[in-house]
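Quick note: numbers below take in every heavy atom, side chains included, and nothing from hydrogens, waters or symmetry partners.
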Amino acid sequence: MTTLIINIKELLQVRDSSILKVSGAEMAVLPTIKNAYLVLKNGLISDFGSMEDLPNINPEKCIDADGKIVLPSWCDSHTHIVYAGNREQEFVDRINGLTYEEIANRGGGILNSAKKLNETSEEEIYQQSKTRLEEVMHLGTGAVEIKSGYGLTVDGELKMLRVIQRLAQNYPVTIKATFLGAHAFPSEYATNHKGYIDLIINEMLPEIAENKLADFIDVFCETGYFTVEETQKIIEAGIKFGLKPKIHVNQFNSIGGIQTGIKHNALSVDHLEVMKPEDIEALKNTETMPVALPSCSYFLSIPYTPARVMIAAGLPLALATDYNPGSTPSGNMNFVVATACIKMKMTPEEAINAATINGAYAMGISETHGSITIGKKANLIITKPIPSYYQIPYAFGSNLIETVLLEGKIFA
């Protein structure tokens, strides 16, 4: 099946040779072709260029993108979209003055979601989660990482990971699974941290590895959650079972989690709302991708990741949604890109790079996703007719997407 897209107003993120990520000043460079064509064959990108160089081909399908922008689909490298119910009451509690930590301390937060998940059948969790997944696909996401972490029991964590696996089998979107059993300590282990960590290492990890249910391991390394020492023990166990680390760090406090992630060659360190100079220094010249979650900062009214300081230091940066019921009940990457521009002062070019090629890197898939490169997956966004790609972050409340293609086919 060959699809030809013609008269593209501007084709974004064009890379003749495959790159893994962009860093520092390179993030401000977004290669594009104006008045372009794009050829898709058997689910992959097979050719592109200027309309004046359009070769003579007979495609099965032709799409006229006159006045429209085409870009690679978003790569959302940090989500928790498999969950049960919601936490809308906590949203109102925060409006009335309670902090995220205060809500968690009285049995809300992650423990609230864990209670709901363990009371809900696997089929019902799947049905709720597929609705959320379909929504983000319509919003232009073509690759998504999904974490467990609302089970906090052997059965609950395995149930979540099986749902993630089923979503990956049933939808034409690339899904990576992350085991986040170390999301919080269940109430019955509140005074027995070693007991819960032993459960993760001795019971959860062997089952997950045997059934090939996860690609990555994650830990919420934060004051009141998992210490640096506990984080290190869990991710070292995960590595032994073949899981690469991607960890939650520096959301509320800087306690050394970034350095632990780098030491263990973490693929990414995510959140980074609180960054000390030594954290930025530690990330220089590493293979670890810093990931910012601006819609979490927006929803919780906490600081934003200091993107300008980090980019000026030569670091790469990825953007993701953190879609979850407590701190970011939205998987809209278009809003994430806009918020990064508006609140973190990233340029549109930097934000698009962060949400495509660098997002792909943070999921370990930048060899196949995140840019317009021959041989990569034909996962694409075609916008409505717009003046320029600056409109994507500028018109932050509008849905500017007309068509989403996944593996070369229109996602209806």
*Apply ring pair (Phe, Tyr, Trp, His ring centres under 6.0 Å) to Y189 and list each qualifying residue two or more places apart in sequence or on a separate chain.*
Y196
*Can you list the residues that meet the side chain to side chain contact (heavy atoms under 4.5 Å, CB included) rule with Q169, with sequence neighbours excluded?*
Q165
*asked:* Determine whether a donor-acceptor pair (N or O, by modelled atom type, separation under 3.5 Å) exists between the side chain of E207 and the backbone of V154.
replied: no
*Hey, is the main chain of L30 close enough, under 3.5 Å, to the side chain of Q13 for a donor-acceptor pair?*
no
*asked:* In the structure I gave you, are the side-chain heavy atoms of K246 and D270 within less than 4.5 Å of one another anywhere?
replied: yes
*Look only at the side chain of R132 and the backbone of V82, and say whether a donor-acceptor pair between them is shorter than 3.5 Å.*
no
*Polar side-chain atom of T79 near backbone of E145 as donor-acceptor pair, under 3.5 Å*: yes
*Using a 4.5 Å cut-off on heavy atoms from C-beta on, say whether the side chain of I81 contacts that of L167.*
no
_Partner set under side chain to side chain donor-acceptor pair (under 3.5 Å) for D215, not counting sequence neighbours_ = none
*Count the heavy atoms of every other residue, nucleotide or ligand shown that sit under 6.0 Å from CZ of F252, and state whether that count exceeds 12.*
yes
*asked:* If you compare all heavy atoms of L267 against all heavy atoms of Y361, which two are closest, and at what distance to 0.1 Å?
replied: CD1-O, 3.4 Å
_Cationic N near anionic O, under 4.0 Å, K233 to E236_ = no
*Please test N353 against N358 for side chain to side chain donor-acceptor pair (under 3.5 Å), starting from the C-alpha separation and ending with a verdict.*
CA-CA 6 Å; N353 274 322; N358 283 2; over 6 Å; no
*Mind listing the closest non-hydrogen atom pair of A214 and L243 along with its distance?*
O-CD2, 3.2 Å
*Decide yes or no for V173 and F411: does some side-chain heavy atom of the first lie under 4.5 Å from some side-chain heavy atom of the second?*
no
*Backbone N/O of N332 and side chain of S330: donor-acceptor pair under 3.5 Å*: yes
*asked:* Could you tell me if Y37 and D53 have a donor-acceptor pair between their side chains, going purely by distance under 3.5 Å?
replied: no
*Is the side chain of D76 donor-acceptor paired with the backbone N or O of T321 at a distance under 3.5 Å, no angle test?*
yes
Sequence neighbours excluded and cut-off under 3.5 Å, please list the side-chain donor-acceptor pairs for residues 367-375, or say none.
unit_1	atom_1	unit_2	atom_2	d
T368	OG1	I365	O	3.1
H369	NE2	T174	OG1	2.8
S371	OG	T373	OG1	2.7
S371	OG	K376	NZ	2.8
T373	OG1	R15	O	2.9

*Can you list every pair that meets salt bridge (Lys or Arg N to Asp or Glu O under 4.0 Å) and has a residue in residues 378-400, with sequence neighbours left out?*
none
Anything under 3.5 Å between a donor and an acceptor, one on a side chain of residues 300-315, the other on a protein residue two or more places apart or in another chain? List them.
unit_1	atom_1	unit_2	atom_2	d
T305	OG1	H271	O	2.8
T305	OG1	L272	O	3.4
R308	NH1	K345	O	2.7
R308	NH1	E350	OE1	2.8
R308	NH2	E350	OE1	3.4
R308	NH2	E350	OE2	2.8

*If the plane angle is over 60° it's perpendicular, under 30° parallel, otherwise tilted; pick one for H248 and H183.*
tilted
_Is any side-chain heavy atom of P316 closer than 4.5 Å to one of V22?_
no
*Do E402 side-chain atoms and I382 backbone N/O form a donor-acceptor pair below 3.5 Å?*
no
